[in-house]
**Q** 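Below you'll find the structure I mean.
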Amino acid sequence: MDTVILAAGRGARLDGIAAPFFKPLLVVNRQPIVKQAVLQAKHILSDRIIVVVAPENALPISQVLGDLNVTMIVQRHPRGPGDAVLRALEAVTDSNVMVLMGDNVSTTADIAKIADCEESFAVGVNRMPSIE
């Protein structure tokens, strides 16, 4: 199974509340949220982990993830999570894909339950034909 972690959001709703960080880089339980998501995906033996980032947070996220062996996709013009998933599909190699939010805190047990589901329960993303 491949895992896609969406981490291109700015966390604009945190303006004035938290330090000027991107939400995936906020530290919870002594680790940035995005790093927790990657480690949890590795724990459930994800074959490939793809992290979608924005141009402005690509460098700090790559530094945080260090040598965790992830594929990073830069969403040049972030247009929301649907577009981020479409960008990530270019790097997906498995027909089974789990999508995690890189700015939400989840437990490893919850992510394992998602990975163990026998059938999809999420809305699929399909490429729409071009209207040119």
**Q** Residues two or more places apart in sequence or in another chain: which of them pass side-chain contact (heavy atoms from CB on, under 4.5 Å) with V92?
**A**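 side-chain contact (heavy atoms from CB on, under 4.5 Å) check on V92 returns D2, V4, I50, L89, V97.
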
**Q** What's the separation between atom CD in Q40 and atom OG1 in T108, rounded to the nearest 0.5 Å?
**A**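 If I round to the nearest 0.5 Å, the distance is 4.0 Å.
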
**Q** Answer yes if V27 and L65 sit in the same cluster of Ile, Leu, Val, Met, Phe, Trp and Tyr residues linked by side chain heavy atoms under 4.5 Å apart, and no otherwise.
**A**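 No: no chain of side-chain contacts under 4.5 Å links V27 to L65.
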
**Q** Say whether, by atom type as modelled, one donor and one acceptor occur between the side chain of Q36 and the main chain of N104 under 3.5 angstrom.
**A**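 No: the side chain of Q36 does not pair with the backbone of N104.
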
**Q** Do any N or O atoms from the side chain of K42 and from the backbone of L68 form a donor-acceptor pair under 3.5 angstrom?
**A**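 Checking the backbone N and O of L68 against the side chain of K42, a donor-acceptor pair under 3.5 Å is found.
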
**Q** Is the shortest side-chain heavy-atom distance between I33 and P24 below 4.5 Å?
**A**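 Heavy-atom side-chain distance check fails, nothing below 4.5 Å.
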
**Q** Atom CZ in F22, atom CG in D103: separation rounded to 0.5 Å?
**A**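 Rounded to the nearest 0.5 Å, the CZ-CG separation comes out at 12.5 Å.
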
**Q** Run the side-chain hydrogen bond (donor to acceptor under 3.5 Å, both in side chains) test against T107 and tell me which residues pass, sequence neighbours left out.
**A**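 Result, side-chain hydrogen bond (donor to acceptor under 3.5 Å, both in side chains) vs T107: D110.
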
**Q** With M98, which residues qualify under side-chain contact (heavy atoms from CB on, under 4.5 Å), at least two apart?
**A**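 So M98 forms a side-chain contact (heavy atoms from CB on, under 4.5 Å) with M1, T3, I44, L100, I111, I114, A115.
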
**Q** Please determine whether side-chain contact (heavy atoms from CB on, under 4.5 Å) holds for the pair L26 and K23, giving the CA-CA distance in whole Å, both sets of side-chain angles, and the decisive distance to 0.1 Å.
**A** CA-CA 5 Å; L26 287 176; K23 196 171 163 190; 4.1 Å; yes

**Q** Can you tell me how far CG of L25 sits from CD of Q63, rounded to the nearest 0.5 angstrom?
**A**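 The distance works out to 9.5 Å.
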
**Q** Let me know which of D94, T93, N96 forms a side-chain contact (heavy atoms from CB on, under 4.5 Å) with D47.
**A**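 Single side-chain contact (heavy atoms from CB on, under 4.5 Å) partner of D47 among D94, T93, N96: D94.
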
**Q** Run the side-chain donor-acceptor check on residues 69-85: report pairs under 3.5 Å with partners two or more places apart or on a different chain.
**A**
residue: T71; atom: OG1; partner: R48; partner atom: NH2; Å: 3.4
residue: Q75; atom: NE2; partner: G80; partner atom: O; Å: 3.4
residue: Q75; atom: NE2; partner: D83; partner atom: OD2; Å: 2.9
residue: D83; atom: OD1; partner: R87; partner atom: NH1; Å: 2.7

**Q** Might you work through the side-chain contact (heavy atoms from CB on, under 4.5 Å) test for V34 and I5, ending with a clear yes or no?
**A** CA-CA 8 Å; V34 68; I5 298 173; 4.3 Å; yes

